[in-house]
Amino acid sequence: MKLLNILKEDITTAFRKDPACRNILEIIFCYPGFHALLLHRFAHSLWNIHLKFLARLLSHINRFLTGIEIHPAAKIGRRFFIDHGMGVVIGETAEIGNDVLLYHGVTLGGVSLKKEKRHPTVSNNVVIGAGAKILGPINIGENSKIGANTVVIKDIPDNSTVVGIPGKITINKGKKVFDLDHNKLPDPSATIIKNLINKIDRLEKEIDKLKKQLNEATYVDLKSE
């Protein structure tokens, strides 16, 4: 009964997080993200009762059907949603909190061959943009936003917006970046380049000013002679 209630929440979440969704039948038959999550929840249950081969087999079938690879040992919270989903990879020791949204091409990957915690922990209410790579046993803080194609290899505190390769924590002029407003994510590289250009402009003006003063001083000296 508990699993059934969680699956009902998953359907409601699809309605809430995808404006293209029209009815329950669409979710049940046409949403690979929902299919992947449904099969993972069953595979995870098998894993927990030590039917690990069956769990891995179901996970493999899941990947074949949906293009989404979730290790059956991965822990996923409630109201989780994968939008589009193709190419998503979630590793064995990954942990995902509640109300998390992932887009296609996201990887929650490991950077170690040791049999230990080697995949990320994603806290509640996190949004991870398309193509982002979250690597290693790092923590992504609550209410954080990871921009598309960002590569994150260090812990991220709560309420952060992260963009770039490697990912940098940025502040978007003190304004909230909403879940789907990827076009409003700040660009730290562009900011650095802009600051450098402004600094060069200021230095060129200072040089021109000094040249003018030098020319005037030379003219006065020549005139006095």
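Please read all numbers here as calculations on a predicted model, not as lab measurements.
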Side-chain donor-acceptor pair present, Asn125, Asp99, cut-off under 3.5 Å: no
Side-chain touch Ile27/Cys21, heavy atoms, less than 4.5 angstrom: yes
Check: Asn23 and Glu26 side chains under 4.5 Å, non-hydrogen atoms: yes
Pro157 side chain reached by Ile169 side chain, heavy atoms, under 4.5 Å: yes
Verify same cluster id: Ile200, Leu210 (apolar side-chain graph, 4.5 Å): no
Apart from Val111 itself, residues in the same hydrophobic cluster as defined by side-chain heavy atoms under 4.5 Å: Leu135, Val151, Ile153, Ile165
Plane angle bin for Phe81 and Tyr31 - parallel if under 30°, tilted between 30 and 60°, otherwise perpendicular: tilted
Approximate separation, where rounding is to 0.5 Å, of Ile138 CD1 and Thr121 OG1: 9.0 Å
Under 3.5 Å: donor-acceptor pair, side chain of Asn62, backbone of Ala36: yes
Point-to-point distance, once rounded to the nearest 0.5 Å, from NE2 of His119 to OG of Ser112: 9.5 Å
Gap separating the CZ atom of Arg79 from the OG1 atom of Thr12, nearest 0.5 angstrom: 10.0 Å
Nearest heavy atoms of Ala132 and Gly147, plus distance in Å: CB-O, 3.8 Å
Distance in Å, Glu92 CD paired with Glu116 CD, rounded so as to fall on 0.5 Å steps: 11.5 Å
Atom pair CZ/CD of Arg78 and Glu9 - distance to nearest 0.5 Å: 4.0 Å
Backbone N/O of Thr93 and side chain of Lys117: donor-acceptor pair under 3.5 Å: yes
same_hphob_cluster(Leu102, Met86) at 4.5 Å side-chain heavy-atom cutoff: no
Step-by-step side chain to side chain contact (heavy atoms under 4.5 Å, CB included) determination, Val152 to Ile146: CA-CA 8 Å; Val152 183; Ile146 311 298; 3.9 Å; yes
Arg118 atom CZ, over 12 foreign heavy atoms within 6.0 Å: yes
Side chain proximity check, His40 to Ile76, heavy atoms < 4.5 angstrom: yes
For the student: nearest non-hydrogen atoms of Tyr103 and Val88, plus distance: O-CG2, 3.5 Å
Single-linkage hydrophobic cluster Leu25~Phe34, side-chain heavy atoms < 4.5 angstrom: yes
Shortest non-hydrogen contact from His35 toward Ile28: NE2-O, 2.7 Å
Within-4.5 Å side-chain heavy-atom neighbours: Lys211 and Ile207: yes
Same cluster (ILVMFWY, side-chain, under 4.5 Å), Ile197 and Leu203: no
Spatial distance of atom CD (Glu142) from atom CG (Asp158) [nearest 0.5 Å]: 5.5 Å
Arg41 bridged to Asp10 by N-O distance under 4.0 Å: yes
Cluster link Leu38 to Phe64, ILVMFWY, side chain under 4.5 Å: yes
Check: Ile140 and Ser123 side chains under 4.5 Å, non-hydrogen atoms: no
Identified side chain to side chain contact (heavy atoms under 4.5 Å, CB included) counterpart of Ile90 within the set Ile68, Ile134, Ile96: Ile96
Listed partners of Arg16 passing side-chain hydrogen bond (donor to acceptor under 3.5 Å, both in side chains), at least two apart: none
Kindly list each side-chain donor-acceptor pair under 3.5 angstrom involving residues 47-60, sequence neighbours excluded, with atom names and distances?
| residue | atom | partner | partner atom | Å |
| --- | --- | --- | --- | --- |
| Asn48 | ND2 | His44 | O | 3.4 |
| Asn48 | ND2 | His44 | NE2 | 3.3 |
| Ser59 | OG | Ile70 | O | 2.7 |

